[in-house]
K.L.:
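Structure provided below as structure tokens; questions to follow.
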Amino acid sequence: MLKIWLSLVLIYVLVFTAAPVLAGSSRDKQAQTDAQIKAKIARLGVGRKARVTIRLKNGTKLRGYIEQAGENEFVLKDKDTGAPVRVLYEDVARVDDNRGRSVVKNIAIGTGIIGGIILACLALGYIYAGN
């Protein structure tokens, strides 16, 4: 009975630690429409905290923060040069929020993954040691 319980715990841990990692990949592949892009820029707001990575339809990648947002375009302050860049919404393929995760959140995620792996190894060792 204990072996079955440990096997179920192992399966549970493996499924729920792998699913969030795999879920993010499909979202990256879809293109965003002009309306979605405009809405996302509006949601992010303007100022130094509105950091983004913009991917243009011609393949160019721009990084910085949104300085101004208008009806047909927005101004991006370049991360490296500090120069303002005017970008038309229709030229944008995708907008990625660059606010990122905090260090504490990254440590918590890493600890959870490592804990799951250790638990899985211990469960497998216990299962096979009993045979």
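Just so it is clear, the structure is predicted and the values come from calculations on it, not from any experiment. Nothing fancy with the numbering, it's 1 onward along the sequence.
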K.L.:
Quick one: do Leu88 and Val95 end up in the same hydrophobic cluster if we chain Ile, Leu, Val, Met, Phe, Trp and Tyr together by side-chain heavy atoms under 4.5 Å apart?
P.N.:
no
K.L.:
Among Arg55, Lys57, Lys40, Gln36, which one satisfies side chain to side chain contact (heavy atoms under 4.5 Å, CB included) with Arg94?
P.N.:
Arg55
K.L.:
Could you tell me the separation between the CD1 atom of Ile117 and the CG atom of Leu122, rounded to the nearest 0.5 Å?
P.N.:
12.0 Å
K.L.:
Looking at Tyr89 and Ala69, what are the two nearest heavy atoms and their distance?
P.N.:
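Nearest heavy atoms, Tyr89 then Ala69: OH-CB, 4.0 Å.
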K.L.:
Just wondering, do Leu62 and Thr53 contact through their side chains at under 4.5 Å, heavy atoms?
P.N.:
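Answer no - side chains too far apart.
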K.L.:
Compare every heavy atom of Gly45 with every heavy atom of Ala50, then report the nearest pair and how far apart it is.
P.N.:
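It is CB-O, 3.4 Å.
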K.L.:
Could you work out, with side chain to side chain contact (heavy atoms under 4.5 Å, CB included) as the rule, every residue matching Lys79, not counting sequence neighbours?
P.N.:
Arg63
K.L.:
How close do Gly64 and Leu76 get, heavy atom to heavy atom, and via which atoms?
P.N.:
C-CD1, 3.8 Å
K.L.:
What is the distance from atom CD1 of Ile118 to atom CD1 of Ile113, rounded to the nearest 0.5 Å?
P.N.:
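Going from the CD1 atom of Ile118 to the CD1 atom of Ile113 covers 12.0 Å.
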K.L.:
Could you grab the distance from atom CD1 of Ile66 to atom CG of Leu44, nearest 0.5 Å is fine?
P.N.:
5.0 Å
K.L.:
Taking side-chain hydrogen bond (donor to acceptor under 3.5 Å, both in side chains) as the definition, give me every residue that meets it alongside Asn72, ordered by chain and number, with sequence neighbours left out.
P.N.:
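Asn72 satisfies side-chain hydrogen bond (donor to acceptor under 3.5 Å, both in side chains) with no residue once adjacent residues are dropped.
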K.L.:
Test of understanding: clusters of I, L, V, M, F, W, Y form through side-chain heavy atoms closer than 4.5 Å, transitively. Do Ile54 and Ile37 belong to the same one?
P.N.:
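Yes.
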K.L.:
What's the separation between atom CZ in Arg48 and atom NZ in Lys77, rounded to the nearest 0.5 Å?
P.N.:
7.5 Å
K.L.:
I'd like to check the salt bridge (charged side-chain N to carboxylate O under 4.0 Å, His left out) partners of Glu90; sequence neighbours left out, ordered by chain and number.
P.N.:
none
K.L.:
Looking only at heavy atoms, which two atoms of Lys38 and Gly70 are closest? And how far apart?
P.N.:
CE-O, 4.3 Å
K.L.:
Taking Val85 as the starting point, is it possible to reach Val52 by hopping between hydrophobic residues whose side chains are less than 4.5 Å apart?
P.N.:
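Yes, Val52 and Val85 fall within the same hydrophobic cluster.
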